[in-house]
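Worksheet: the structure to be examined is printed underneath.
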Amino acid sequence: MRFLGSSRNGRLWQLYPLAVLLAGCTKAAPPAAAPQAMPVQVAPVTLNSVPATDTYVSTIKSRRSATLQPQVDGNLTRILVKSGDAVKAGQVLMQIDPLKQVATVEAQQGTEQQQRAVYQYNQADLAREQELFKDGIISKQAYDQAMQSFQNSKGALDSASALTNTQRQQLAYYQIRAPFAGIVGDIPVHLGDYVSSTTTLTTVDENNDLEAYIYIPTERAAQVRPGLPVDLLDVAGTVLARSSLNFVSPEVDNGLQGILAKAPIPALKSAERLRNGQMVNARITWSSSRTPTVPVLAVTRIGGQSFVYVAAAQGAGYAAHQVSVTLGEPVGNLYPVIAGLHTGDRVILSGIQFLQEGVPVQPMEASGPAAKAGS
């Protein structure tokens, strides 16, 4: 028994150096390295002039726009223009068959010539009767009869001349002329069509003298006034022309329950991209105020809500902090901030897709286009 115990203790003492050696080789794990800060461009929330605006549907109308209808009846014998042609004032556009009117003019000219012959005869007869009356050869009654015949023939000649002139002027109505220089619109009639005073032949519009018709809701009756700035926009929001109100109606349109306001359109812009009858958006600026703004590059949308990342101080450095914001309509490259941020907050502009809440960041002031968007 003593032999066995001694053997067991000896074995334990033999294993002790090995255990000490293994314990000396095992070291504690080093602490994890702190995450490296991500460089990001930032821009401060600044105060900028932000306009208060409303946008309405506007109709472009020409101050010089004419719908051409004939003043006489007949068949069209000539159509000298086509839709889209530029015409000069007085240029002949169409011809209505004038044969009947030509015959009427010629007949009236014959009547005038007949009356002129009677007038000339009575004029000569009156001269003879006057000499005979002076010499006492004829009576006063005979002389008065000659005078009456002369005056009757003179009146008849004047009437015939006036009627001839009227019929000749009527003949001019068989030619349809442009009332002013402009662009020919649609031509719904065809060669040979019978037209009357109720027939629309075509239109002529001058696109260099346009104005925008804008109906303002009655709720804005106290604010609308001449001089308010107006921007005309296409469907993409591109500014087509800039103007200002020059007319505000003193009454409300019963059908639309709106107040008519007009804005003239600069001639250069009119000829380029606007046409009579075109519908565009009209943005009216009511006022402007100094409002906090952020660059559009800083804004992300998640589930219909707008967010920005702010470089917030954390310990000795900075960390990304996601903030929910309420924004107004964009003004250029800026969003007006209604709620969620304060002036001076530094919003992150770059690397937003890689950011998460609390990620360490290294702010760098933005330069170039980003800096301009934030200024």
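A quick note: this is a predicted structure, and the numbers were derived from the prediction, not measured.
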Next on the checklist: With heavy-atom distances below 4.5 Å as the criterion, would you say the side chains of Glu357 and His321 are in contact?
Outcome noted: yes
Next on the checklist: Would you say Val331 ends up clustered with Val45 if hydrophobic residues are merged whenever their side chains have heavy atoms under 4.5 Å apart, either directly or through other cluster members?
Outcome noted: no
Next on the checklist: So for atom CD, which belongs to Gln141, do other residues, nucleotides or ligands contribute more than 12 heavy atoms lying within a distance under 6.0 Å?
Outcome noted: no
Checklist entry - Can a donor-acceptor pair be found between the side chains of Gln175 and Arg177 at a distance below 3.5 Å? => result yes
Checklist entry - When rounded to the nearest 0.5 angstrom, what distance separates CD in Gln223 from CG in Asp54? => result 9.5 Å
Item to check | Minimum-distance pair of heavy atoms, taken over all atoms of Pro336 and Thr291 | outcome: CB-CG2, 4.3 Å
Item to check | Residue pair Ser83 / Asp85, side-chain donor-acceptor N/O under 3.5 Å | outcome: no
Checklist outcome for this item: Between the CG atom in Asn281 and the CG atom in Leu233, the distance rounded to the nearest 0.5 Å is 6.0 Å
Next on the checklist: For the NZ atom of Lys82 and the CG atom of Leu93, what is their distance to the nearest 0.5 Å?
Outcome noted: 12.5 Å
Checklist entry - Taking everything shown except Gln356 itself, do over 12 heavy atoms lie less than 6.0 Å from its CD? => result no
Next on the checklist: Between Ser161 and Glu112, is there a side-chain donor-acceptor contact under 3.5 Å, judged purely by atom types and distance?
Outcome noted: yes
Checklist entry - Are Gln305 and Ser324 linked by a side-chain donor-acceptor pair shorter than 3.5 Å? => result yes
Item to check | Under the salt bridge (Lys or Arg N to Asp or Glu O under 4.0 Å) test, residues paired with Asp144 that sit two or more places apart | outcome: Lys140
Checklist entry - Are Arg346 and Tyr309 in a cation-pi setup, meaning NZ or CZ lies under 6.0 angstrom from the ring centre and within 45 degrees of the ring axis? => result no
Checklist entry - Just one of Val72, Val105, Asn165 clears the side-chain contact (heavy atoms from CB on, under 4.5 Å) bar with Gln170, so which one? => result Val72
Checklist entry - How about Gln130: does its CD atom have over 12 heavy atoms from other parts shown lying under 6.0 Å from it? => result yes
Next on the checklist: Regarding Asp97 and Thr77, do their side chains bring together a donor and an acceptor under 3.5 Å, going by distance alone?
Outcome noted: no
Checklist entry - Is there a donor in the side chain of Arg301 and an acceptor in the side chain of Ser306, or the other way round, less than 3.5 Å apart? => result yes
Checklist entry - Which pair of heavy atoms, one from Pro188 and one from Thr200, lies closest together, and at what distance? => result CG-O, 3.4 Å
Checklist entry - Does one hydrophobic cluster hold both Val224 and Val230, with members joined at side-chain heavy-atom distances below 4.5 Å? => result yes
Checklist entry - When you look at CZ of Phe247, are more than 12 heavy atoms from neighbouring residues, nucleotides or ligands closer to it than 6.0 Å? => result yes
Checklist entry - When hydrophobic residues are tied together by side-chain contacts of less than 4.5 Å, even through go-betweens, does Ile348 share a cluster with Val359? => result no
Next on the checklist: As a quick check of understanding, evaluate salt bridge (Lys or Arg N to Asp or Glu O under 4.0 Å) for Arg242 and Asp231, giving each step before the final call.
Outcome noted: CA-CA 5 Å; Arg242 299 185 188 275; Asp231 292 333; 3.1 Å; yes
Next on the checklist: Please determine whether the number of non-hydrogen atoms from other residues, nucleotides or ligands lying under 6.0 Å from atom CZ of Arg290 exceeds 12.
Outcome noted: yes
Next on the checklist: Do Ser149 and Asn122 pair up side chain to side chain, a donor and an acceptor below 3.5 Å, judged on atom types alone?
Outcome noted: no
Checklist entry - In chain order, what residues pass the ring-ring contact (aromatic ring centres under 6.0 Å, His included) check against Tyr56, with sequence neighbours excluded? => result none
Checklist entry - Which atoms form the tightest heavy-atom contact between Val308 and Ala298, and what is the distance? => result CG1-O, 3.5 Å
Item to check | Distance, nearest 0.5 Å, that separates CG of Leu99 from OG1 of Thr104 | outcome: 10.5 Å
Item to check | Glu106, Gln101, Gln109 screened by side chain to side chain donor-acceptor pair (under 3.5 Å) with Gln167, the one that passes | outcome: Gln101
Next on the checklist: Within this structure, what is the CD1-CD1 distance for the pair Ile259 and Ile214, rounded to the nearest 0.5 Å?
Outcome noted: 12.5 Å
Checklist entry - Do you know which two heavy atoms are closest between Gln362 and Ala37, and how far apart they sit? => result N-CB, 4.0 Å
Checklist entry - Which atoms form the tightest heavy-atom contact between Pro292 and Leu47, and what is the distance? => result N-CD2, 3.5 Å
